Peer 1: 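Questions regarding the structure given below will be posed in turn.
Predicted model only: the values in this text are computed from it and were never measured.
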Amino acid sequence: MEEQKQIRCAIYTRKSTDEGLEKEFNTLEAQREAGENFVMSMKHQGWVILPDHYDDGGFSGGNLKRPALKRLMADVEKGKVDMIVVYKIDRLTRSLLDFAQLVQTFEKNNCSFVSVTQHFNTCDSMGKLTLNILLSFAQFERELGAERVRDKIAASKKKGMWTGGPAPLGYDIKEKKLIINQEEAEVVKFTRPQRVML
């Protein structure tokens, strides 16, 4: 009989503020305990808990600049983790764009993740479908953001506003508008190629 493959599970916990972390049983420990119980319930499928703790206390889910998350992602890239277990998806990230970035790293390194309380698991077909829907929304959000920036730049240009970069020779930037610099303007006029009449 073929030996069952072990699925190495890393439990990631996060709390936005460090308030209450000094308590004997804090929210990070509660999240970890829920994760451990979930992994133990999947023991029959070869799931095992990795001993490393990946706990970010006092860090926002709005970005990926978190020490424990960085350490976790480094371990994923080293091939040390098969499954990431979180209490809720928002413990991993609150940003769809960051979520898409994390998932790309997971997939590249044959790693899945599961949310204990939201029945979300990327190692089954329904979880992958849900994931693709979320990633489609992330792509839509990215494109919408780019469109808004383009529209804003176009509207600014119509109003004669300078939209960025160094001012061209012959101009100064004042209150987001190009103002002629008389001294430089003379240089521009002097160096402008003359039309040759044949």
Peer 1: Would you say that more than 12 heavy atoms from the other residues, nucleotides or ligands in this model lie under 6.0 Å from the CD of Q45, or not?
Peer 2: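 Enclosed.
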Peer 1: Using atom types as modelled and distance alone, determine if a side-chain donor or acceptor of D56 lies under 3.5 Å from a backbone N or O of R14.
Peer 2: no
Peer 1: May I ask you to test the N109-K78 pair for a side-chain heavy-atom distance under 4.5 Å?
Peer 2: no
Peer 1: So, using side-chain hydrogen bond (donor to acceptor under 3.5 Å, both in side chains) as the criterion, who are the partners of T13 when residues are at least two apart?
Peer 2: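 T13: side-chain hydrogen bond (donor to acceptor under 3.5 Å, both in side chains) contacts with D55.
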Peer 1: Working to the nearest 0.5 angstrom, can you tell me the gap between M42 CE and I49 CD1?
Peer 2: 12.5 Å
Peer 1: What is the minimum heavy-atom distance between R8 and G79, and which atoms define it?
Peer 2: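 Shortest heavy-atom contact: NH2-O, 2.8 Å.
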Peer 1: Quick check: closest heavy atoms across L50 and K80, and the distance to 0.1 Å?
Peer 2: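 That closest heavy-atom pairing would be CD1-O, 3.6 Å.
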Peer 1: List the steps and the verdict of side-chain hydrogen bond (donor to acceptor under 3.5 Å, both in side chains) for R32 and Y54.
Peer 2: CA-CA 9 Å; R32 181 163 180 92; Y54 302 95; over 6 Å; no
Peer 1: Can you find a heavy atom in the side chain of M73 that is under 4.5 Å from one in the side chain of F106?
Peer 2: yes
Peer 1: Which residue is it: Q31, R66, R71, R91? I am looking for the one with a side-chain hydrogen bond (donor to acceptor under 3.5 Å, both in side chains) to Y12.
Peer 2: R66
Peer 1: Of all heavy-atom pairs between T105 and V76, which one has the smallest distance, and what is that distance?
Peer 2: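 Taking every non-hydrogen atom into account, O-CG1, 4.4 Å.
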Peer 1: Measuring from L28:CG to I11:CD1, what's the distance to the nearest 0.5 Å?
Peer 2: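 Here the rounded value is 12.5 Å.
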Peer 1: Are any non-hydrogen side-chain atoms of P67 and F59 less than 4.5 angstrom apart?
Peer 2: yes
Peer 1: To the nearest 0.5 Å, tell me how far T27 OG1 sits from K15 NZ.
Peer 2: 6.5 Å
Peer 1: Rounded to the nearest 0.5 Å, how far apart are SG of C9 and CZ of F38?
Peer 2: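 The CZ atom of F38 is 9.0 Å from SG of C9, to the nearest 0.5 Å.
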Peer 1: Any side-chain heavy atom of V86 within less than 4.5 Å of one from V116?
Peer 2: no
Peer 1: Would you check if the side chain of N63 reaches a backbone N or O of K65 as a donor-acceptor pair within less than 3.5 Å?
Peer 2: yes
Peer 1: Measure the spacing between CD1 of I84 and CG of L102 and express it to the nearest 0.5 Å.
Peer 2: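 Between atom CD1 of I84 and atom CG of L102 there are 8.0 Å.
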Peer 1: What are the two closest non-hydrogen atoms of G61 and T93, and how far apart are they?
Peer 2: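 Looks like O-OG1, 3.5 Å.
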Peer 1: Nearest 0.5 Å please: distance from the CE atom of M83 over to the OG atom of S112.
Peer 2: 4.5 Å
Peer 1: How are the rings of F99 and F113 set to each other: parallel, tilted or perpendicular (split at 30° and 60°)?
Peer 2: perpendicular
Peer 1: Tell me, do D90 and L92 make a side-chain contact under 4.5 Å, heavy atoms counted?
Peer 2: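 No, their side chains stay 4.5 Å or more apart.
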Peer 1: Just wondering, do V39 and V48 contact through their side chains at under 4.5 Å, heavy atoms?
Peer 2: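 When only atoms from C-beta onward are counted, V39 and V48 do not touch, as no gap falls below 4.5 Å.
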Peer 1: Can D151 and R148 be said to form a side-chain contact (heavy atoms from CB on, under 4.5 Å), step by step?
Peer 2: CA-CA 5 Å; D151 291 347; R148 278 197 293 264; 5.7 Å; no
Peer 1: Any chain of hydrophobic side-chain contacts (each under 4.5 Å) joining V114 to Y87?
Peer 2: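 No.
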